[in-house]
*Asks:* 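Take a look at the following structure, please.
This one's a predicted model, so the numbers in the text were calculated from it and none came from an experiment.
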Amino acid sequence: IYEIMVNDDELPVFACPADLTVATDSASCEAVLEGLSSGVSDNCELASVTYSVTGDAVFSDTLDISGEVLPPGVYTVTYRAEDIHGNIDSCSFDLTISDQENPFLSCFAGDTTVMADPGAINAPVFFVPDSTSDNCGVIDTTIILQGATSDTLSGALDANLNLGTT
């Protein structure tokens, strides 16, 4: 009597995505992930495929990460596959979600003339931008003054400007 044993010792094979940067979706502070399948295959049959995400968010699920929604940040995605014979392998890639949409700033239209008090060498000026917006929120507004007065201010313009054009 002969007994022949056939073993499967081949690991699942991945076509893992390379490290990549994905921009947030237009007018959104999140990215819907597309086309990031593990591309895993096996010579026999796969029992399970899972993924985990670590970094600015931590979670895990089955199959692939496509369809997940992530905010800006840096993440490591790890796929893990096990075949029906217990062979396990994994692959990882780094994923950066980046806000690449410029903020919007609305200022008053045209030049403004401010009269200085007689004999004064400067005049007080106060100005707040009409509106600012950004898909991920506005943290700060910086005003850069050039000309007769050179300065960098944060938020609103509340300063004494030198006589002349700034």
Side-chain angles (χ1 to χ4, degrees), residues 1-109 126-146 150-159:
I1 298 179
Y2 290 97
E3 201 172 286
I4 298 174
M5 183 84 115
V6 177
N7 291 324
D8 172 21
D9 60 359
E10 285 188 47
L11 299 175
V13 177
F14 285 93
C16 210
D19 294 350
L20 73 150
T21 297
V22 175
T24 55
D25 296 341
S26 180
S28 173
C29 193
E30 298 175 318
V32 177
L33 303 178
E34 301 295 336
L36 297 178
S37 170
S38 65
V40 67
S41 62
D42 191 69
N43 63 319
C44 288
E45 184 180 329
L46 290 167
S48 68
V49 178
T50 61
Y51 67 88
S52 61
V53 176
T54 58
D56 290 343
V58 177
F59 60 93
S60 61
D61 206 342
T62 58
L63 300 178
D64 78 55
I65 194 169
S66 295
E68 291 287 351
V69 179
L70 291 174
V74 179
Y75 307 90
T76 298
V77 178
T78 302
Y79 282 111
R80 180 184 180 278
E82 182 175 355
D83 70 15
I84 59 173
H85 298 109
N87 297 307
I88 299 171
D89 202 7
S90 64
C91 74
S92 296
F93 64 96
D94 290 329
L95 173 65
T96 301
I97 307 296
S98 175
D99 172 18
Q100 298 177 0
E101 203 166 315
N102 290 327
F104 173 77
L105 172 66
S106 173
C107 297
F108 60 89
F126 180 76
F127 163 75
V128 176
D130 291 340
S131 68
T132 58
S133 64
D134 185 72
N135 59 315
C136 288
V138 175
I139 295 172
D140 190 22
T141 302
T142 301
I143 299 171
I144 300 171
L145 303 175
Q146 296 176 332
S150 295
D151 202 355
T152 301
L153 305 168
S154 180
L157 171 59
D158 186 8

*Asks:* Is a side-chain N or O of Glu101 found less than 3.5 angstrom from the main chain of Asp134, in a donor-acceptor match?
*Replies:*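 No; judged by distance alone, with no hydrogens or angles, the pair does not exist.
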*Asks:* So do Leu36 and Ser66 actually touch side chain to side chain, heavy atoms under 4.5 Å?
*Replies:*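 When only atoms from C-beta onward are counted, Leu36 and Ser66 do touch, with a gap below 4.5 Å.
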*Asks:* Just to verify, what does Cys44 make a disulfide (SG to SG under 2.5 Å) with, not counting sequence neighbours?
*Replies:*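 Partners of Cys44 by the disulfide (SG to SG under 2.5 Å) criterion come out as none, since no residue qualifies.
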*Asks:* Any donor and acceptor pair, going by atom type alone, linking the side chain of Asn43 with main-chain N or O of Asp8 inside 3.5 Å?
*Replies:*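 Between the backbone of Asp8 and the side chain of Asn43 there is no qualifying donor-acceptor contact (under 3.5 Å).
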*Asks:* Taking side-chain contact (heavy atoms from CB on, under 4.5 Å) as the test, write out the residues that go with Asp9, two or more places apart.
*Replies:*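 side-chain contact (heavy atoms from CB on, under 4.5 Å) check on Asp9 returns nothing, list empty.
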*Asks:* Measure the shortest side-chain to side-chain distance between Val53 and Leu95 over non-hydrogen atoms and say whether it is less than 4.5 angstrom.
*Replies:*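 Result no, sub-4.5 Å side-chain heavy-atom pair not found.
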*Asks:* Taking all atoms of both residues into account, what is the closest heavy-atom pair of Asp83 and Pro12, and its distance?
*Replies:*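 Distance-wise, the nearest heavy atoms are N-CG, 4.2 Å.
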*Asks:* Do you know which two heavy atoms are closest between Cys29 and Thr24, and how far apart they sit?
*Replies:*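 Residues Cys29 and Thr24, closest heavy atoms: C-CG2, 4.0 Å.
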*Asks:* What distance separates Gln100 CD from Cys136 SG, expressed to the nearest 0.5 Å?
*Replies:*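 Gln100 atom CD to Cys136 atom SG measures 11.0 Å (nearest 0.5 Å).
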*Asks:* Say whether, by atom type as modelled, one donor and one acceptor occur between the side chain of Tyr79 and the main chain of Ala15 under 3.5 angstrom.
*Replies:*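 The answer is no, because no donor-acceptor pair under 3.5 Å joins these two groups.
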*Asks:* Among all residues two or more places apart in sequence or in another chain, which pass the side-chain contact (heavy atoms from CB on, under 4.5 Å) test with Gln146?
*Replies:*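 Partners of Gln146 under the side-chain contact (heavy atoms from CB on, under 4.5 Å) test: Ile144.
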*Asks:* For Ser52, give me all partners under side-chain contact (heavy atoms from CB on, under 4.5 Å), at least two apart in sequence or on another chain.
*Replies:*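 Checked Ser52 against side-chain contact (heavy atoms from CB on, under 4.5 Å); matches are Ser60, Thr78.
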*Asks:* Report the C-alpha separation of Ile97 and Leu33 in whole Å, then their side-chain angles, then the decisive distance to 0.1 Å, and conclude whether the side chain to side chain contact (heavy atoms under 4.5 Å, CB included) test is met.
*Replies:* CA-CA 10 Å; Ile97 307 296; Leu33 303 178; 3.8 Å; yes
*Asks:* Output the distance between atom CG (Asp158) and atom CG (Leu153), rounded to the nearest 0.5 Å.
*Replies:*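 Spacing of CG (Asp158) from CG (Leu153) equals 8.5 Å.
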*Asks:* Rounded to the nearest 0.5 Å, what separation is found between the CG atom of Leu20 and the OG atom of Ser98?
*Replies:*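 Between Leu20 CG and Ser98 OG, I get 11.5 Å after rounding to 0.5 Å.
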*Asks:* Is any side-chain heavy atom of Thr152 closer than 4.5 Å to a side-chain heavy atom of Thr142?
*Replies:*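 In short, these two side chains touch, coming nearer than 4.5 Å.
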*Asks:* Could you report the tightest heavy-atom contact between Ile88 and Arg80, atom names first, then the distance?
*Replies:*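 In this case the closest contact between Ile88 and Arg80 is CD1-NH2, 3.0 Å.
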*Asks:* Please enumerate all residues that pass side-chain contact (heavy atoms from CB on, under 4.5 Å) together with Thr141, with sequence neighbours excluded.
*Replies:*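 For Thr141 the side-chain contact (heavy atoms from CB on, under 4.5 Å) partners, ignoring immediate neighbours, are Leu105, Pro129, Thr132, Val138.
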*Asks:* Show every donor-acceptor pair shorter than 3.5 Å between a side-chain atom in residues 68-77 and any protein atom, with sequence neighbours excluded, or say none if there are none.
*Replies:*
residue: Glu68; atom: OE2; partner: Tyr51; partner atom: OH; Å: 2.5
residue: Tyr75; atom: OH; partner: Pro71; partner atom: O; Å: 2.8
residue: Thr76; atom: OG1; partner: Asp94; partner atom: OD1; Å: 2.9

*Asks:* Considering non-hydrogen atoms only, spot the tightest contact between Ser38 and Val49 and give its length.
*Replies:*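 Taking every non-hydrogen atom into account, OG-CG1, 4.2 Å.
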*Asks:* Does Asn135 reach the main-chain N or O of Ser28 with its side chain, forming a donor-acceptor pair under 3.5 Å?
*Replies:*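 Between the backbone of Ser28 and the side chain of Asn135 there is a qualifying donor-acceptor contact (under 3.5 Å).
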